[in-house]
Student: 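What follows is a single structure, and I will ask about it in a moment.
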Amino acid sequence: MNARYTFNVSRFDPTTGDPPRYQAYAVDVPQGMTVLEALLRIQAEQDGSLAFRYACRGAVCGSCAMVIEGQVRLACRTQVRSLEGNRITVDPLPHLPRIKDLVVDMDPFFETLRAIQPWLQPGHSEPEREHQVDPADWSEAEPYTNCILCASCHGVCPVVESDPAYLGPAALAKHYRFLADVRDVADAARVALVNDEHGVWGCDMVWNCTRVCPRGVTPTQGIGKTRARIRRAERAQRA
Ligand code: FES
């Protein structure tokens, strides 16, 4: 049986010059309907001008992160009837410039990733066969490969909010993914990219990023491990 919900969706159109406002839409929600499906229904049946971003609908592409009932979540993975009450407020992802309605400009987020050189630097020419890694060695880097670049962590990080130059949890988790990769030999150069107050030392260890990650990535832990490596290297230099 369907249940009637009201979706209060934050609207913003930069061409009007008007400030953001909420618009209410009533939707009959069956069991299992996700917030993304509700938005698609609103767009198809009530308001074709409503803008939001999505692609895979399966929690893989990371496009549909937004604030649903005050929490950053993937719209495609959030079932409406799992939420409290029947009035659902939907806002865009924080800490990124807004383009229209629920669509934000992801460029500043992707810039942070470019800054940490997110590619393998093996220090030799292409091998004839694939690089082979012992599973025991890979287990340290592997959890950090699960990031889907949804920017949920970026949207809940208080340091990102206060310091626009801060690299942020997603970039620093990706950085640790390469630092921990035994095939990569660029450790010293990599550490230099994040060894300041806009890098690993800027993190306030609030753990919001880890709590919100839909893929179980733990950026705060990666940041802590990078800090520990830096301290160990400094101690070794002094000895
Ligand atoms: S649409 Fe791809 S993660 Fe939600």
Side-chain angles (χ1 to χ4, degrees), residues 5-12 20 22-23 25 27-84 87-114 116 118 142-157 160 168-174 177 207-220 222:
Y5 280 73
T6 300
F7 288 81
N8 285 319
V9 183
S10 182
R11 306 294 312 271
F12 173 65
Y22 285 101
Q23 189 161 353
Y25 302 95
V27 180
D28 290 326
V29 174
Q31 281 291 355
M33 178 184 255
T34 65
V35 172
L36 178 60
E37 288 167 334
L39 292 173
L40 285 163
R41 184 166 294 177
I42 292 167
Q43 193 184 55
E45 297 176 1
Q46 300 183 44
D47 189 344
S49 72
L50 179 62
F52 49 95
R53 190 182 274 133
Y54 71 99
C56 71
R57 305 193 196 190
V60 174
C61 73
S63 307
C64 68
M66 57 187 72
V67 180
I68 299 164
E69 280 294 277
Q71 283 186 37
V72 174
R73 318 176 205 235
L74 295 182
C76 72
R77 209 172 82 157
T78 304
Q79 293 199 6
V80 178
R81 292 175 72 157
S82 73
L83 301 167
E84 290 270 320
R87 296 184 74 84
I88 310 297
T89 303
V90 186
D91 291 284
L93 200 57
H95 307 161
L96 289 164
R98 198 166 180 182
I99 296 174
K100 185 176 188 298
D101 299 335
L102 303 173
V103 178
V104 294
D105 180 0
M106 296 290 284
D107 281 355
F109 172 74
F110 290 126
E111 283 303 323
T112 67
L113 288 155
R114 280 188 201 100
I116 58 93
E142 194 274 338
Y144 297 91
T145 66
N146 292 326
C147 172
I148 56 172
L149 305 180
C150 63
S152 294
C153 56
H154 196 84
V156 297
C157 175
V160 167
L172 293 171
K174 183 73 74 185
R177 172 253 175 275
W207 293 82
N208 279 357
C209 52
T210 298
R211 275 190 284 276
V212 81
C213 178
R215 300 302 295 260
V217 180
T218 57
T220 319

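All residue numbers refer to positions in the sequence shown, counting from 1. Just so you know, ligand 1 is whichever comes first in the structure, and atom 1 is the first atom listed for that ligand.
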Student: If the cut-off is 4.0 Å to any non-hydrogen atom of V60, which atoms of ligand 1 fall inside it?
Tutor: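 Here the atoms of ligand 1 in question are 3 (S).
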Student: Considering non-hydrogen atoms only, spot the tightest contact between R41 and D28 and give its length.
Tutor: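 Result for this residue pair: NH1-O, 3.3 Å.
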Student: Taking only heavy atoms of G62, which atoms of ligand 1 are found under 4.0 Å from at least one of them?
Tutor: 2 (Fe), 3 (S)
Student: List every atom of ligand 1 that sits less than 4.0 Å from any heavy atom of C61, numbering the atoms from 1 in the order shown and giving each element.
Tutor: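 By the 4.0 Å cutoff, the relevant atoms are 1 (S), 2 (Fe), 3 (S).
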Student: With a cut-off of 2.8 Å, does C76 put an N/O/S atom close enough to atom 2 (Fe) of ligand 1?
Tutor: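 So C76 does not count as coordinating atom 2 (Fe) of ligand 1.
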Student: Atoms of ligand 1 less than 4.0 Å from R57 heavy atoms?
Tutor: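 The list of qualifying atoms is 1 (S), 2 (Fe).
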Student: Only heavy atoms of C56, strictly under 4.0 Å: list the atoms of ligand 1 that pass.
Tutor: 1 (S), 2 (Fe), 3 (S)
Student: From atom 4 (Fe) of ligand 1 out to just under 2.8 Å, does an N/O/S atom of C64 turn up?
Tutor: yes
Student: Applying the side-chain contact (heavy atoms from CB on, under 4.5 Å) test to C153, which of P169, C213, P214 qualifies?
Tutor: P169
Student: Taking all atoms of both residues into account, what is the closest heavy-atom pair of I88 and V80, and its distance?
Tutor: CG1-CG1, 4.4 Å
Student: Per the side-chain contact (heavy atoms from CB on, under 4.5 Å) rule, which among T6, N8, I68 passes with T89?
Tutor: N8
Student: Using a 4.0 Å cutoff against the non-hydrogen atoms of A59, which atoms of ligand 1 qualify?
Tutor: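 This gives 3 (S) as the contact atoms.
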Student: Search all heavy atoms of S10 against all heavy atoms of L102 and return the closest pair with its distance.
Tutor: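 Smallest heavy-atom distance, with atoms named: O-CD2, 4.0 Å.
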Student: Do any of the N/O/S atoms of C150, backbone or side chain, fall under 2.8 Å from atom 2 (Fe) of ligand 1?
Tutor: no
Student: Has R57 got more than 12 heavy atoms of other residues, nucleotides or ligands less than 6.0 Å from its CZ?
Tutor: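 No, because the 6.0 Å sphere around CZ of R57 holds 12 heavy atoms or fewer from other groups.
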Student: Over all heavy atoms of both residues, which pair between Y144 and G222 is shortest? Give the atoms and the distance, please.
Tutor: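 Taking every non-hydrogen atom into account, OH-N, 3.2 Å.
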Student: Considering only heavy atoms of A55, which atoms of ligand 1 have at least one such atom less than 4.0 Å away?
Tutor: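 Answer, ordered by atom number: 1 (S).
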